[in-house]
2 protein chains.
Amino acid sequence: MSGTGTRRPRADARRNRERVLAAADQAFREQGTGASLEGIARQAGVAIGTLYGHFPNRGALSAALLRERHVALFEFGDELPGHGTALAALTAWMGAVSGHAAAYRGLATLLMQGFTDEASELHDACARMTATTERLLSAAREAGAVRDDVSTADVHALTNAAAWLREQVPPEQADHLTALLVRGLRTGDDGTR
Amino acid sequence: MSGTGTRRPRADARRNRERVLAAADQAFREQGTGASLEGIARQAGVAIGTLYGHFPNRGALSAALLRERHVALFEFGDELPGHGTALAALTAWMGAVSGHAAAYRGLATLLMQGFTDEASELHDACARMTATTERLLSAAREAGAVRDDVSTADVHALTNAAAWLREQVPPEQADHLTALLVRGLRTGDDGTR
DNA sequence: ACCTGAACACCGTTCAAGT
DNA sequence: ACCTGAACACCGTTCAAGT
């Protein structure tokens, strides 16, 4: 075992990988996560086989983007606890995730699959996301701000539904709908937890 | 003008049209509204050109299905007013529409586009749907059960979001999420209308 | 008036051949 | 170890030719 395991990749391979990621980021933003892989390879200046060599499928590409290029989203979630009320923090997190997912049309669907399907390439990213969701949800529940029958899976699902809505309607209506949606999570007039 | 205008179509044309619709209904249920049109034509036993002759695009196909084969949904909506509380009627309508849209994966997105885009082939179907939504929403609002800041467009959007959720999660969770979603529409603890 | 199916453009995915 | 691009299968859409 002299240097096997994770080796440093060849310089041109690393560069090609990076180019593909950059092209995918742009294409996913402009045309959604269903954008043509051939187009992405073309844009990146590599052959289609090179793209497949680095990323065996669309999920792997999306997962790599989240892990390597969208770190800010997760960092934002890590810094939220303690700032403002627990409900405000949870709401801010839902807004950040749904806004991010809406910027990549179709990502919300992938994030739903990744949450359930352990074999999904996006499962790790989802686990990291829902860990944050769980922390913020627990705090909000303990503060008595959110109903007891709302699970982490529920918040994850509603956050992605908010992302889906944001893809469909103008921003102002999306904000309003998200607010209504959060309203459904809050403890009610009858004091139900 | 002796017999021009809407003429009775040739018998074989009518039969082909019907066969395409039946095949599309099945394919859309099994594979979603993105199902292969070539596959639908094959299943219907007609050439691909025949399908295009009757339905110039996917939207026309979906619209025809709603108009000609899914009459029950609209009839259900017409019979709802007056049965039970206004909120229960609105909830039942949202449940029926979202359940229907979830059975045809992707239809929810088309129904959102059809609502806004007047040129959409689905615009008429959406108008008919939202007319019912408006009646039931007005009644619920007048009964003081639903907030004043909830528009017909909002209910339409949330209904389709519920359909999207139903495509993503198991039925029990979908029911729970739909309930939470409706909860956000109700008048609140502070008596806000 | 309607139907047929070839034709064109495009894409996802694999893999033998190269360097 | 990685890259290339041809090859295969499939699809959306159009349209000239048939009946």
Side-chain angles (χ1 to χ4, degrees), chain A residues 1-24 26-28 30-65 105-106 109-110 113 119-121, chain B residues 2-24 26-28 30-64 105-106 109-110 113 119-121:
Chain A
M1 36 169 76
S2 62
T4 42
T6 312
R7 293 284 312 275
R8 180 165 186 81
R10 233 164 62 182
D12 60 337
R14 243 198 108 58
R15 210 193 43 203
N16 281 337
R17 215 190 101 98
E18 224 54 45
R19 282 188 183 172
V20 169
L21 276 181
Q26 196 189 341
F28 284 2
E30 290 173 359
Q31 316 164 40
T33 54
S36 155
L37 299 181
E38 221 148 57
I40 291 170
R42 210 177 315 148
Q43 180 71 27
V46 304
I48 181 65
T50 302
L51 185 149
Y52 274 91
H54 287 287
F55 310 101
N57 53 51
R58 221 173 265 281
L61 203 42
S62 311
L65 283 176
R105 277 175 288 132
T109 308
L110 294 176
Q113 290 166 351
S120 163
E121 314 267 355
Chain B
S2 62
T4 43
T6 312
R7 293 285 312 274
R8 180 167 186 78
R10 232 163 63 181
D12 60 336
R14 246 200 104 59
R15 210 193 43 203
N16 282 337
R17 216 190 99 99
E18 223 55 44
R19 281 186 184 174
V20 169
L21 276 182
Q26 195 189 342
F28 284 2
E30 290 172 0
Q31 314 163 42
T33 53
S36 154
L37 299 181
E38 221 148 56
I40 291 171
R42 211 176 315 149
Q43 180 71 27
V46 303
I48 181 64
T50 303
L51 185 149
Y52 275 90
H54 287 287
F55 309 101
N57 54 50
R58 221 174 265 281
L61 204 40
S62 311
R105 276 177 287 133
T109 308
L110 295 175
Q113 291 168 350
S120 162
E121 314 268 356

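Below, read A as the first sequence line, B as the second, and so on, with proteins coming before strands; counting in each chain starts at 1.
- Residues A:Ala35 and B:Asn16 both approach DNA chain C. Their nearest nucleotides, taken by heavy-atom distance, put B:Asn16 toward the 5′ side.
- For B:Arg105 (side chain) and B:Glu30 (main-chain N/O), a donor-acceptor pair under 3.5 Å exists by modelled atom type.
- In this structure, B:Gln43 atom CD and D:dC11 atom P are separated by 13 Å, rounded to whole Å.
- Each of B:Val46 and A:Gly49 was assigned the nucleotide of DNA chain C with the nearest heavy atom; the assignment lying further toward the 5' end belongs to B:Val46.
- In this structure, CG on B:Asn57 lies 4.5 Å from CD on B:Glu121, to the nearest 0.5 angstrom.
- The distance from atom CD of B:Gln31 to atom CD1 of B:Ile40, rounded to the nearest 0.5 Å, is 7.5 Å.
- Applying the Watson-Crick and G-U wobble criteria (two distances, each under 3.5 Å), D:dC11 pairs with nothing in any strand.
- Heavy-atom distances to DNA chain D give each of B:Gly39 and B:Arg10 a nearest nucleotide, and the one nearer the 5′ end belongs to B:Gly39.
- When the C1' atom of D:dC10 is taken as reference, atom CD of B:Glu38 falls 8 Å away, rounded to whole Å.
- Heavy atoms of A:Thr50 sit under 4.0 angstrom from at least one base atom.
- Between A:Ser36 and C:dC10 there is no side-chain N or O to OP1 or OP2 distance below 4.0 Å.
- For A:Arg14 and D:dA1, the CZ to C1' distance is 15 Å, given to the nearest whole Å.
- In this structure, B:His54 does not reach the C:dC2 phosphate: none of its side-chain N or O atoms is under 4.0 Å from OP1 or OP2.
- Atom pair A:Asp12:CG and D:dA1:C1' shows a separation of 9 Å (rounding to whole Å applied).
- Atom CG of A:Leu51 is separated from atom P of D:dA6 by 17 Å (rounded to the nearest Å).
- Without hydrogens or angle criteria, B:Arg58 side chain to B:Ala35 main chain gives a donor-acceptor distance under 3.5 Å.
- Nucleotides of DNA chain D nearest to B:Ile48 and A:Ala13 differ in position, and the one nearer the 5' end is that of A:Ala13.
- Applying the Watson-Crick and G-U wobble criteria (two distances, each under 3.5 Å), C:dC2 pairs with D:dG18.
- With distances taken from any side-chain atom of A:Ala47 to the nucleotides D:dT13, D:dG5, C:dT4, the minimum falls on D:dG5.
- With a 4.5 Å cut-off on side-chain heavy atoms, B:Phe55 and B:Leu37 do not count as touching.
- Looking at heavy-atom distances under 4.0 Å, A:Asn57 makes no contact with the nucleic acid at all.
- Using a 4.0 Å heavy-atom distance criterion, B:Gly53 is classed as making no nucleic acid contact.
- Contact check for B:Thr109 versus B:Thr33: no side-chain heavy atoms found under the 4.5 Å cut-off.
- Atoms CD (A:Gln31) and P (C:dC10) sit 14 Å apart, rounded to a whole Å.
- In this structure, A:Arg42 reaches the sugar-phosphate backbone alone: every heavy-atom distance under 4.0 Å involves primed, P, OP1 or OP2 atoms, never a base.
- When heavy atoms are screened at a 4.0 angstrom cut-off, B:Arg58 is found touching the sugar-phosphate backbone but no base atom.
- Between the OH atom of B:Tyr52 and the P atom of C:dA1 there is a distance of 24 Å, given to the nearest Å.
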